[in-house]
Amino acid sequence: MTSNIINYLLFVIFYRSFTRYASNDFSIGVKQLCIQQIHLPHPIGIVIGKGVLLGKNCVIYQGVTIGKSNAHSDFYPVIGSNVTIYTGAVIIGNINIGDNCVIGAGRVVSRSLEAGTILKCLSD
């Protein structure tokens, strides 16, 4: 009985500290991340607009921005399932990213991608 109480208290403390920490680094509900099974290996500097739709099992690395193309637009990207978005990528506008896509580091995506598309990272 006491171990259940201790586990519950640890969960509450972790959840509260995580939500405070997370609110400074990305803007999507923790509940939504769990439901969709979104994986954030390094959850620093991630910005996900409030209207973005994420599919299941996505992986989003640090420094990623997903949102509107400008302040006057009401349209957000729709991200399919099993999409991997690497460091520093920017996905903006009224676009659809198909299932099983890979978006490389530093890419700016402002057009829709078909399922299975691989955009390599930008390099010198």
Show the numbers, then the answer: is there a side-chain contact (heavy atoms from CB on, under 4.5 Å) between I91 and I103? CA-CA 9 Å; I91 301 170; I103 299 172; 3.5 Å; yes

Would you check if the side chain of T117 reaches a backbone N or O of E114 as a donor-acceptor pair within less than 3.5 Å? yes

Hey, does the side chain of R107 reach the backbone of V90 with a donor-acceptor pair shorter than 3.5 angstrom?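 No, R107 side chain to V90 backbone: no donor-acceptor pair under 3.5 Å.
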
Which atom names give the shortest non-hydrogen contact between [X] and [Y], and what distance separates them?
X    : Y   : answer
G67  : P77 : O-CD, 3.3 Å
I92  : K68 : CG2-O, 3.7 Å
G104 : A89 : O-CB, 3.9 Å

Does the pair N82 and C58 meet the rule for a side-chain contact (heavy atoms from CB on, under 4.5 Å), with working shown? CA-CA 5 Å; N82 304 309; C58 290; over 6 Å; no

Using the rule that two of Ile, Leu, Val, Met, Phe, Trp, Tyr join whenever any of their side-chain heavy atoms come within less than 4.5 Å, decide whether V109 and I48 are in one cluster. yes

For the hydrophobic clusters of this structure (ILVMFWY residues joined by side-chain heavy atoms under 4.5 Å, transitively), does one cluster hold both I66 and V78? no

Evaluate the side-chain contact (heavy atoms from CB on, under 4.5 Å) criterion for residues V83 and D99: first the C-alpha distance (whole Å), next the side-chain angles of each, then the deciding distance (0.1 Å), finally the verdict. CA-CA 6 Å; V83 173; D99 294 343; 5.7 Å; no

At what distance, to the nearest 0.5 angstrom, does CG of N96 lie from OG of S112? 4.5 Å

Value rounded to 0.5 Å, distance of CD1 in I97 from CD1 in I79: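 It comes to 5.0 Å.
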
If you draw a 6.0 Å radius around NZ in K56, do more than 12 non-hydrogen atoms from other residues or ligands fall strictly inside? yes

Run the side-chain contact (heavy atoms from CB on, under 4.5 Å) check on R111 and L113 step by step: do they pass? CA-CA 7 Å; R111 61 176 174 82; L113 300 176; 3.4 Å; yes

Can you list, by chain and residue number, the hydrophobic cluster partners of Y61 when the side-chain cut-off is 4.5 Å?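 For the cluster that includes Y61, the remaining residues are V59, Y86, V102, I118.
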
